[in-house]
Amino acid sequence: MVDRRVPSRLRCDAGWDPLPRPAPRTVRPSMSRFARVFAESIAAAADLPVDDVLGLIGAPPKAEMGQLAFPCFQIAKARHAPPPKIAAEIAAELSSDAPFTAIKAFGPYVNAFLDGAAVARDVLPRVLAEGERFGRLDLGHGEAVVVDFSSPNIAKSFGIHHLRSTVIGHALVNLFEAAGYAPVGINHLGDWGTQFGQLLAIWKTDGDEDALAAGGIQYLLDLYVKFNTKLEGEPGLQDEARACFKALEDGDPEARRLWKLFRDVSLAEFETSYRRLGIDFDDMRGESFYEDKMPAVLDELRRKGLLKTSDGATVVDLEEHGLGAALVRKADGSTLYLTRDLAAAQFRRDTYRFVRALYVVGGAQALHFAQMTKVLELLGRDWAGAVEHVPFGLMRFKDRKMSTRKGDIIPLASVLDRAVELAKERIVEGAREKGLPEPDDVDGLAETIGIGAVVFSDLKNRRQRDIVFDWDEVLSFEGETGPYLQYTAARIASMEQKSGRPITTEVDWTVLDGPGELALCLALEGLSDSLRRAVAECEPSLVSDKLLEIASLFSTLYARRDWKVVSDDEGLTDARMLLAHAVRQALGNGLGWLGIQVPDRM
RNA sequence: GCACCCGUAGCUCAGUUGGAUAGAGCGCCUGCCUCCGGAGCAGGAGGUCGCAGGUUCGAAUCCUGCCGGGUGUACCA
């Protein structure tokens, strides 16, 4: 079975070096187009390569110090002069033409002040024109990237611990799509393996098809727990399980029938959760699909002299690479998940011709993927470097230790249900308090908001961190949460409806030259850069951060007494409405990439 | 033992391709609904960036060694 999250207990004497990472995906953390203009003029003034300058440009700590900064320490050192002196000299040579209003030295830095009107005139029409395409990139040129994610075990319930792989993987699929790749979302279902034998073994004594039909996956889970309980007093049961799995492998009709039944029952429940999360896989092959493709892999390994026998088992010795021994066949002749993953990797390569193959799987399995990549390398696959484990931290639980063997899991559905329930209460309450009519589709809205909260609570964290599951945090709608972002967008949608004026770019840009508007336009401009970094690092939280920044900057403006979007001044209204609309567009696009819907009211 | 991940405010986390006085959210305290939706906004208190060295004009960021937590380390997946 392939449950990617279940801890493994392989043994390996030596440690291992992480494989060299594939070539860097990006060259520079490119900045806005304005940074480039700034860099070009500095490069000319100081006689330096533009790219070197661009790499050094950053943002000053405060808005009063401008929007772009160039530190002079390095050239000062090369030219044996004090940095402030160099900065002053460069600043003196630069003219502050548009889009800059001023360029001046601040100690050892040369800082540029951008013209808010010029920035707005540049950014906002693009947002309007590009609409849903705003922020997207063409880094991938339509090349295929396969993303293996979620990959739950059949016959076990879909727990909260599956959330991480599922939402991170889903976000990555969308992010790669937005960056111009052709992603293929793959759900590598754990529908094969020795644990199926356990289920079949306990079924013999305790199985009941009516109960299965009624209880669904919960019943299978109960059986699984029952097996483990019974095993303690009856060790022979393990052999029985092995025999059952053997029968399944050999095509015993009754075993196959039951296996298919278990599979269908489980899939039905998984589909419900996937549908709620808006996830649609491109490829749902289970491990069973690769059964007949493993002999070819083993054959090739043997032909290339990579196999060794060790204690009856067949292994690829990776000791010299610090990766221990990779087991590809057990002493009893049956295969392991490494063997299946090797067959699957080859199949994916043949089928999709990917340029990157991602595995969104917990960090606990780093060794497995390192071994897999190394074996592919030894087999001479020139695409081995494209195989990439995208690890994420463990989900732990606040109060208690969770044990799948005892059936002690929090079903994902119950977390979603609770979030949706709270969202519904909030909507109804909110409508009453504000004297607004209750929305037509309260349940649909609650679903969008509740699920948005759960999904974002995961995606705002950097992938590799372990996260502690905390109901209060996952179900929070305030602060840095999905509902906060949705709410910001919903308020704007509501204004657009009320104003009744069409969004236009025929506006007086000078009314948008305040520091708040400028910061906001630069944040909007930065959305695609967050996307660039997110796909380079397989890190959705980079987009989450940018969205929070955009929403927060807009909310600050919005809350000001002296800053109303809709006013008697039609010119001002049109300009601010365009800005607000751009914010809504950016939030909608970014949240969409993260797999979160945006309602137009809440 | 060895390897990998993590260690930043009371809590949850940004910041980690070296750059200016280390930033948010939650919680706590103070304000803000005659005015576009308060799921919001503003302000305050709160920090030896795990510890100790080192490199550097400059270190939360890079290097070394420790400490703490997590994970992995051959017939489960």
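We name chains A, B, ... by the order of the sequence lines, and we start the count at 1 in each one.
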Enquirer: Checking base pairs now: Watson-Crick or wobble, both atom distances under 3.5 Å. What partners B:C2?
Expert: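 By the stated definition (distances under 3.5 Å), B:G72 pairs with B:C2.
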
Enquirer: Between protein and nucleotides 55-61 of chain B, map the contacts as a letter string: B base, S sugar-phosphate only, - none, heavy atoms under 4.0 Å, written 5' to 3'.
Expert: -SB----

Enquirer: Return the pairing partner of B:A24 with a 3.5 Å limit on both distances, Watson-Crick or G-U wobble; otherwise return none.
Expert: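 Across any shown strand, B:A24 pairs with B:U12.
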
Enquirer: For B:U30 versus B:G69, give the span between their P atoms, rounded off to a whole number of Å.
Expert: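 To the nearest whole Å, 39 Å.
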
Enquirer: Which part of the nucleic acid, if any, lies within reach of A:Leu318 when heavy atoms closer than 4.0 Å are counted: base, sugar-phosphate only, or nothing?
Expert: nothing

Enquirer: Looking across every strand, which nucleic acid part, if any, lies under 4.0 Å from A:Pro60 by heavy atom: base, sugar-phosphate, or nothing?
Expert: base

Enquirer: Kindly confirm whether the side-chain ring of A:Tyr558 is stacked on the base of B:C36, judged by centres under 5.5 Å and planes under 30°.
Expert: yes

Enquirer: Within less than 4.0 Å of OP1 or OP2 of B:C32, is there a side-chain N or O belonging to A:Arg560?
Expert: no

Enquirer: Tell me which nucleotide, if any, is Watson-Crick or G-U wobble paired with B:A42 when both distances must be under 3.5 Å.
Expert: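 Here B:A42 is engaged in a pair, and the nucleotide opposite it is B:U30.
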
Enquirer: Within this structure, what is the CG-to-P distance between A:Leu548 and B:G15, rounded to whole angstrom?
Expert: 12 Å

Enquirer: Could you let me know what B:G7 is paired to, Watson-Crick or G-U wobble, both distances under 3.5 Å, or none if it's on its own?
Expert: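 For B:G7, the partner nucleotide comes out as B:C67, under the 3.5 Å rule.
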
Enquirer: When you measure from the side-chain N and O atoms of A:Arg491 to the phosphate of B:A39, is any distance below 4.0 Å, counting only OP1 and OP2?
Expert: no

Enquirer: What nucleic acid atoms does A:Asp332 come within less than 4.0 Å of, heavy atoms only: base, sugar-phosphate, or nothing?
Expert: nothing

Enquirer: Apply the syn/anti split at 90° from 0 to B:C33 and say which one it is.
Expert: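 This nucleotide is in syn.
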
Enquirer: Would you mind classifying the nucleic acid contact of A:Ala76 as base, sugar-phosphate or nothing, using non-hydrogen atoms under 4.0 angstrom?
Expert: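 No contact.
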
Enquirer: Would you indicate what A:Ser494 reaches in the nucleic acid, counting non-hydrogen atoms under 4.0 angstrom: base, sugar-phosphate, or nothing?
Expert: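 Result for A:Ser494 = base.
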
Enquirer: Using a cut-off of strictly less than 4.0 Å, decide whether A:Lys434 has a side-chain nitrogen or oxygen near OP1 or OP2 of B:C33.
Expert: no

